[in-house]
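Residue numbers run from 1 in the order of the sequence given.
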Amino acid sequence: LAVVKKSKAVVSTQSTGEYSTSITSVLIAMLIIGGLLVLIGIIGCFGACTGKSGLLNVYFVVVLIFVILQIVVIVLAVVKKSDFEKAATDQATQLFDEYKTKADASPADVDISVEKAVGVNLAQFTFECCGVDTGASWWGTSQFTPGCCDNFDRKTFETSLGDDQGGITKAKLLISACPDSGEVYKVGCKEQVTSMASEFSTIIIIVVVVLILFEIVCLAAACVSKKRDLVA
């Protein structure tokens, strides 16, 4: 029960391969939950059609558990929203600071992994933002990362970092202008992610509330069906 959007970039110290693994795990979990809901729906329909109260009892209990869990999700979404935003911001700031510090340390060999460099740039490009806050100026007066450009090419950037001839250098990590007349994102990532989190949390809450109301109607229908079977 979640709306997933722009989840291909997660700012962390994990490798890009682990990002993909995490996303795959979430999708598998969603498929399993969806399969269970379909199975429970079939049990409920079969119980209502055949008049078997045992099946209706199973359906009622399972749907009631789902309703309770969804209410818990709504409460957590409201109560823990600020904590989630703070944790995400702190983690992003730490990684961005490391990128900035190491890129400014020396114009030659920069001590930062390819995964972290790609992660910082890909996150900015995906979320259409630049720097932690204040936009491109967060990186410096005249330079910013390639990921701040709206025409950022991950494959080209990652290939250049792995180039044995040059390796990871400041010139590759910080640029003064976007290639091919690209535009620089003006919004900081903290502001952008906070705005997106507010938007998506509202959508998720609305969807979950609608599902809860629908499931309550299903519970009421199951009770009526069972009552009629008992009377009959």
Strictly distance-based, threshold 3.5 Å: is any side-chain N or O of [X] a donor or acceptor partner for the main-chain N or O of [Y]?
| X | Y | answer |
| --- | --- | --- |
| D150 | G182 | no |
| T101 | D97 | yes |
| Q124 | T145 | no |
| Y99 | L173 | yes |
| D153 | K155 | yes |
| N151 | P179 | yes |

Evaluate the side-chain proximity of [Y] to [X]: yes if any heavy-atom separation is below 4.5 Å, no if none is.
| X | Y | result |
| --- | --- | --- |
| V118 | L161 | yes |
| K102 | K170 | no |
| L213 | V217 | no |
| V114 | E158 | yes |
| C149 | F144 | yes |
| V120 | L95 | yes |

Supply the atom-to-atom distance [X] [atom1] to [Y] [atom2], rounded to the nearest 0.5 angstrom.
| X | Y | atom1 | atom2 | value |
| --- | --- | --- | --- | --- |
| E183 | C178 | CD | SG | 7.5 Å |
| T194 | D133 | OG1 | CG | 10.5 Å |
| K116 | E98 | NZ | CD | 3.5 Å |

- Task: May I have the step-by-step check of side chain to side chain donor-acceptor pair (under 3.5 Å) for S137 and T134, ending in yes or no?
- Result: CA-CA 6 Å; S137 61; T134 70; 3.2 Å; yes
Indicate the atoms forming the closest heavy-atom contact of [X] with [Y], along with that distance.
| X | Y | value |
| --- | --- | --- |
| R154 | L122 | NH1-CD2, 3.5 Å |
| P146 | K172 | CG-O, 3.5 Å |
| G147 | N121 | N-OD1, 2.7 Å |

Is there a path of hydrophobic side-chain contacts, each under 4.5 Å between heavy atoms of I, L, V, M, F, W or Y residues, that connects [X] with [Y]?
| X | Y | answer |
| --- | --- | --- |
| I206 | F66 | no |
| I68 | V63 | yes |
| I216 | I71 | yes |
| V187 | F127 | no |
| L39 | F60 | yes |

- Message: Please report whether the SG atoms of C148 and C130 are separated by less than 2.5 angstrom.
- Response: yes
- Message: Apply the hydrophobic cluster definition, ILVMFWY joined by side-chain contacts under 4.5 Å directly or through others, and give me every member besides V61.
- Response: I65, L69
- Query: Is it true that atom CG of D90 has more than 12 heavy atoms of other residues, nucleotides or ligands lying nearer than 6.0 Å?
  - Reply: yes
- Query: Do W139 and F96 have ring centres separated by under 6.0 Å?
  - Reply: yes
- Item | Pi-cation contact, W138 with K100 (under 6.0 Å, within 45°) | yes
- Does F152 have any ring-ring contact (aromatic ring centres under 6.0 Å, His included) partners at least two apart in sequence or in another chain, and if so, which? F125, F157
